[in-house]
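What follows is one structure encoded as structure tokens, with my remarks underneath.
Side-chain atoms are counted along with the backbone in the values below, which use heavy atoms only and exclude waters and symmetry mates. Quick note: residue numbers are just sequence positions, from 1.
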Amino acid sequence: MQHYTNQGTKMSITPAVKAILANYESDNPGVKANLARILMQGRLGGTGKLIILPVDQGFEHGPARSFAVNPDAYDPHYHYQLAIDAGLSAYAAPIGMIEAGADTFAGQIPTILKCNSSNSWATSANQAVTAGVDDALRLGCAAIGFTIYPGSDDVFEMMEEIKELSAQAKSVGIATVLWSYPRGGKLPKSGELALDVGAYAAHMAALLGAHIIKVKLPSDHIEQEEAKKAYEGTDWSAQSTRVGHVVKSCFNGRRIVVFSGGAAKGADSVYQDARDIRDGGGNGSIIGRNTFQRPRDEALAMLDKLVRIYKNEE
């Protein structure tokens, strides 16, 4: 059978990507095509691994805290170009950031429209809906993105919001990425990164119908008294083992799971996290501040090494 290709594009979807798409049994060809756009994009295209650049920190933390350390990053075009030049899988941002480069970079990298956001002055663990599926269609996005806060008293409202948004997105062939970050309510700060809590949050995202699940890397702490017995008898000291448990909690690996880079930290820690995600069976990293807060050359060098880690080249 002859394969036809445009110069510079991959000839066909790889077996690894076909196997991932086969796990999404209810989805229409549009959703699967958009998942394939992300999975086949950039230097990790076809491997089943992903690196996504998220730039919603301006909403969450303010512009100076996010970009003053690298002033070029005030410009939305900077982030589009960084993601493209680094060969990443997708670029995720709120509507204003996507709109600011939508024409210049149309078709060059899959985009994920972050549809809800908060700010650093809010006292409750909730977010406002700031964009919709019609915006994602208009801007050519491959997916919508949305945050929920399991543990928050407001999480049920957030779940109902993503129910409506994801149903609408799926009906028009757009994928859903769900950020699931435990916080609020009776959950103490010490429990937000606990293994049992993180796995529970990831499982909730899968149950809510997310195609791609974004969670934080968990510690070896078990927070819920009722869950401790279930975690006895296994050594959770290795981060890769904990990653494997979170992946297992997402329908035994039938859903794409990526892990956030978190607060800015040393390069060696970023690389070790990627190795542990890879070795634990995670699908990759969604890494923002640890790249765009560095000078562009340093960010590109870091992303190059992360790509090589996920390709098992180091």
Side-chain angles (χ1 to χ4, degrees), residues 3 5-21 31-56 73 76-93 97-98 101-102 104-114 136 139-145 174-177 211-214 256-261 267 270-271 273-275 277-278 281-292 294 296-314:
H3 292 273
T5 180
N6 293 322
Q7 188 175 0
T9 60
K10 293 182 170 58
M11 290 179 69
S12 61
I13 290 179
T14 61
V17 171
K18 282 184 178 176
I20 290 171
L21 295 178
V31 169
K32 291 197 175 192
N34 273 315
L35 286 172
R37 278 173 68 191
I38 296 169
L39 288 163
M40 293 300 295
Q41 175 76 22
R43 292 177 56 202
L44 288 171
T47 64
K49 301 297 183 187
L50 307 170
I51 300 177
I52 297 169
L53 176 68
V55 189
D56 58 346
H77 283 214
Y78 177 84
H79 302 286
Y80 271 101
Q81 198 65 59
L82 179 64
I84 292 163
D85 291 347
L88 302 189
S89 310
Y91 167 54
M97 296 279 281
I98 299 284
T104 299
F105 299 100
Q108 295 185 48
I109 188 161
T111 50
I112 299 166
L113 177 61
K114 187 68 166 52
L139 295 167
C141 300
I144 59 167
I174 292 175
T176 297
V177 184
H211 299 103
I212 300 175
I213 295 161
K214 179 195 176 188
I256 298 166
V257 187
V258 294
F259 293 83
S260 67
V270 175
Y271 301 140
D273 285 349
R275 292 186 189 97
I277 293 166
R278 176 197 67 195
N283 293 93
S285 301
I286 180 159
I287 182 166
R289 282 172 286 178
N290 279 295
T291 55
F292 69 69
R294 286 176 161 85
R296 179 180 150 87
D297 288 350
E298 286 183 28
L300 287 171
M302 170 174 276
L303 290 165
D304 173 68
K305 182 158 183 165
L306 290 171
V307 166
R308 285 186 276 119
I309 288 169
Y310 281 120
K311 292 174 82 171
N312 288 308
E313 292 175 0
E314 62 173 86

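Considering only heavy atoms from C-beta on, I212 comes within 4.5 Å of L35 through its side chain. Under the 4.5 Å side-chain criterion, counting only non-hydrogen atoms from C-beta, L53 is not in contact with I109. Side-chain contact between I256 and L39: present, with at least one pair of heavy atoms (C-beta onward) separated by less than 4.5 Å.
Taking the six-membered ring where the residue is Trp, F105 and H77 present perpendicular rings, their angle passing 60° and hence far from 30°.
Residues D56 and K114 come closest through the heavy atom pair OD2-CE, 3.7 Å. The two residues I98 and Y80 come nearest to each other via the heavy atoms O-OH, 2.7 Å. Contact between I277 and S285 at its shortest, heavy atoms only, is CD1-OG, 3.8 Å. Here the closest heavy-atom approach between residue L113 and residue A136 is recorded as CD2-N, 3.5 Å. Pairing each heavy atom of I309 with each of R278, the nearest pair is O-NH1, 2.9 Å. A pairwise comparison of heavy atoms in L303 and A86 identifies CD1-CB, 3.6 Å as the closest pair.
In this structure, CD1 in I84 is found 13.0 Å from NE2 in H79, a value given to the nearest 0.5 Å. Rounding to the nearest 0.5 Å gives a distance of 11.0 Å between CD1 of I174 and NE2 of H211. Between the CD atom in Q41 and the CD atom in Q108 there is a gap of 9.5 Å [rounded to 0.5 Å]. The distance from the OG1 atom of T111 to the CE atom of M97 is 12.5 Å, given to the nearest 0.5 Å.
In this view, R296 and D85 satisfy the side chain to side chain donor-acceptor pair (under 3.5 Å) rule, not counting sequence neighbours. Residues passing the side chain to side chain contact (heavy atoms under 4.5 Å, CB included) test with A142 are N34, R37, I38, P110, sequence neighbours excluded.
Counting only distance, with no hydrogens or angles, the side chain of N283 and the backbone of V257 share a donor-acceptor pair below 3.5 Å. The main-chain N or O of L21 is found under 3.5 Å from a side-chain atom of K32 such that the two form a donor-acceptor pair.
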Give the C-alpha distance, both sets of side-chain angles, the deciding distance and a yes or no for side-chain contact (heavy atoms from CB on, under 4.5 Å) between I112 and Y91. CA-CA 6 Å; I112 299 166; Y91 167 54; over 6 Å; no

Tell me, with the steps shown, if L88 and I52 meet side-chain contact (heavy atoms from CB on, under 4.5 Å). CA-CA 6 Å; L88 302 189; I52 297 169; over 6 Å; no

Residue pair D273, F259: steps toward the side-chain contact (heavy atoms from CB on, under 4.5 Å) verdict: CA-CA 9 Å; D273 285 349; F259 293 83; over 6 Å; no

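Of the listed residues (T47, I51, L50), just one forms a side-chain contact (heavy atoms from CB on, under 4.5 Å) with Y310, and that residue is I51.
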